[in-house]
Amino acid sequence: MTVLFWVVKVLTTGMGETTSDFLVRSIDPVVAVGIGAALFALALTLQFRADRYRPLVYWLTVVAVSVFGTMAADVTHIVLGVPYLVSSIVFGAVLVLVFSLWHRSEGTLSIHSITSRRRELFYWAAVIVTFALGTAVGDLTATTLHLGYFVSGLLFAVVIAIPAVAFRLRRFGPIFAFWFAYVATRPLGASFADWMGVSHARGGLGWGTGPVSVVLALLIAAGIAVIAATERRRRLAAVDS
């Protein structure tokens, strides 16, 4: 289940990237951002109304955050003209601020301690910023530093292995390792998704952002189905015991 969680998480980051790109290039960008914001608001409302962890609602919210977080980072660069380096630093500072306020208020950043509405608000605030930060950092390495999308994907595949190895060697605690990896999933998934979707002229495979989004959505749906079935079996086993 742990492996499946991270696989689905990376898939959602890739889908968020390509879906955002597809929408803003297919329809009016203002309308596209409005759709992304509406989806985000709806998913977050459903999540807050859920009486317990519900895989479908949770992952719908993650997908919505992925799309909207991508749009937020892209608007910062394309519309406001903020360089990716600057936006990466700003989003990084905002994430540190969110974690600081969260820890000062609750005394922990553990996802296993999210048992109140306030902690859930802190959690989703952190998730939103990690997506915006990851988008900016991924675009920074791929375009500003001219590494390209594929090489950027390989780079972040190495980066995300750092917390896994450090945790096993007991160099990182579980909370720090989790959030380190969580941030890294964004540029990892987005870089490979961009590589598959963008044109050959931009160093990609040219499959198109629309088709890539559809394939990723199907894979995510399959992963969520497995997660939901496993969660259902776990609850039934707990009741029987």
Kindly give the heavy-atom pair with the smallest separation between P211 and G208, and that separation in Å.
CD-O, 3.4 Å

For the CZ atom on R171, are there more than 12 heavy atoms of other groups (residues, nucleotides or ligands in this structure) within a distance under 6.0 Å?
no

Check the orientation of F131 and Y182. Use parallel for under 30°, tilted for 30 to 60°, and perpendicular for over 60°.
perpendicular

Sidechain-backbone polar pair: H146 side chain, T143 backbone, donor-acceptor under 3.5 Å:
yes

Say whether, by atom type as modelled, one donor and one acceptor occur between the side chain of S105 and the main chain of L101 under 3.5 angstrom.
no

Hphob cluster co-occupancy, F5 + V3, side-chain heavy atoms under 4.5 angstrom
yes

Is it the case that the side chain of T141 and the backbone of G138 share a donor-acceptor pair, with hydrogens and angles ignored and the cut-off at 3.5 Å?
yes

Minimum heavy-atom distance G16-S66, with the two atoms named:
CA-OG, 3.0 Å

Side-chain heavy-atom pair W124, T61 within 4.5 angstrom cut-off:
yes

Y84 OH to S87 OG distance, which is reported to the nearest 0.5 Å:
7.5 Å

Whether K9 engages the ring of Y58 as a cation-pi pair (distance to the six-membered ring centre under 6.0 angstrom, angle to the ring normal within 45°) should be assessed.
no

Report whether F180 and F167 are members of the same hydrophobic cluster (ILVMFWY, side-chain heavy atoms less than 4.5 Å apart, transitive linking).
no

For G92 and L133, which heavy atoms make the closest approach, and how far apart are they?
N-CD1, 3.7 Å

Say whether Y53 and V62 are linked into one hydrophobic cluster, either directly or through other cluster members, by side-chain heavy-atom distances under 4.5 angstrom.
yes

Is it the case that more than 12 heavy atoms not belonging to R52 sit under 6.0 Å from its CZ atom?
yes

Would you indicate whether the side-chain heavy atoms of T209 and R25 approach each other to under 4.5 Å?
no

Under a 3.5 Å distance rule, please check whether T13 uses its side chain to pair with a backbone N or O of T185 as donor and acceptor.
yes

Look at the side-chain heavy atoms of Ile, Leu, Val, Met, Phe, Trp and Tyr, link any pair under 4.5 Å apart, and say whether F91 and V96 land in one connected group.
no

For V183 and L95, what are the C-alpha separation, side-chain angles and deciding distance, and is it a side-chain contact (heavy atoms from CB on, under 4.5 Å)?
CA-CA 10 Å; V183 173; L95 183 59; 3.9 Å; yes

Say whether, by atom type as modelled, one donor and one acceptor occur between the side chain of R117 and the main chain of F48 under 3.5 angstrom.
yes

Classify the ring geometry of F68 against F40: parallel below 30°, tilted from 30° to 60°, perpendicular beyond 60°.
parallel

How long is the span from the CD1 atom in I111 to the OG atom in S113, to the nearest 0.5 Å?
9.0 Å

Quick one: does I162's side chain get under 4.5 Å of F172's, heavy atoms only?
yes

Roughly how far, to the nearest 0.5 Å, is the CD atom of E231 from the CD1 atom of I224?
13.5 Å

What is the ring orientation for W195 with F192, classed by angle as parallel under 30°, tilted 30 to 60°, or perpendicular over 60°?
perpendicular

For residues M15 and L216, report the shortest heavy-atom separation together with the two atoms involved.
N-CD1, 3.4 Å

Worked verdict on I227 versus L4 for side-chain contact (heavy atoms from CB on, under 4.5 Å):
CA-CA 8 Å; I227 290 174; L4 186 57; 3.4 Å; yes

Measure the spacing between OH of Y123 and CH2 of W102 and express it to the nearest 0.5 Å.
7.5 Å

Step by step, work out the side-chain contact (heavy atoms from CB on, under 4.5 Å) result for V215 and W207.
CA-CA 11 Å; V215 172; W207 293 350; over 6 Å; no

Atom of L205, atom of M196 and distance for their closest heavy-atom approach
CB-O, 3.8 Å

Once you round to the nearest 0.5 Å, how far does CD1 of I128 lie from CG of L44?
6.5 Å

Please round to the nearest 0.5 Å and tell me the distance separating atom OG1 of T12 and atom CD of E17.
12.0 Å

Can you tell if the side chain of I27 reaches within under 4.5 Å of the side chain of I35, non-hydrogen atoms only?
yes

Closest non-hydrogen atom pair between A181 and W6, with its separation:
CB-CH2, 3.7 Å

How about F22: does its CZ atom have over 12 heavy atoms from other parts shown lying under 6.0 Å from it?
no

Going through the checks in order, is the side-chain contact (heavy atoms from CB on, under 4.5 Å) test met by L109 and F122?
CA-CA 9 Å; L109 301 179; F122 276 122; over 6 Å; no

Could you state whether V158 and I160 fall into the same hydrophobic cluster, counting links through intermediate Ile, Leu, Val, Met, Phe, Trp or Tyr residues with side-chain heavy atoms under 4.5 angstrom apart?
no

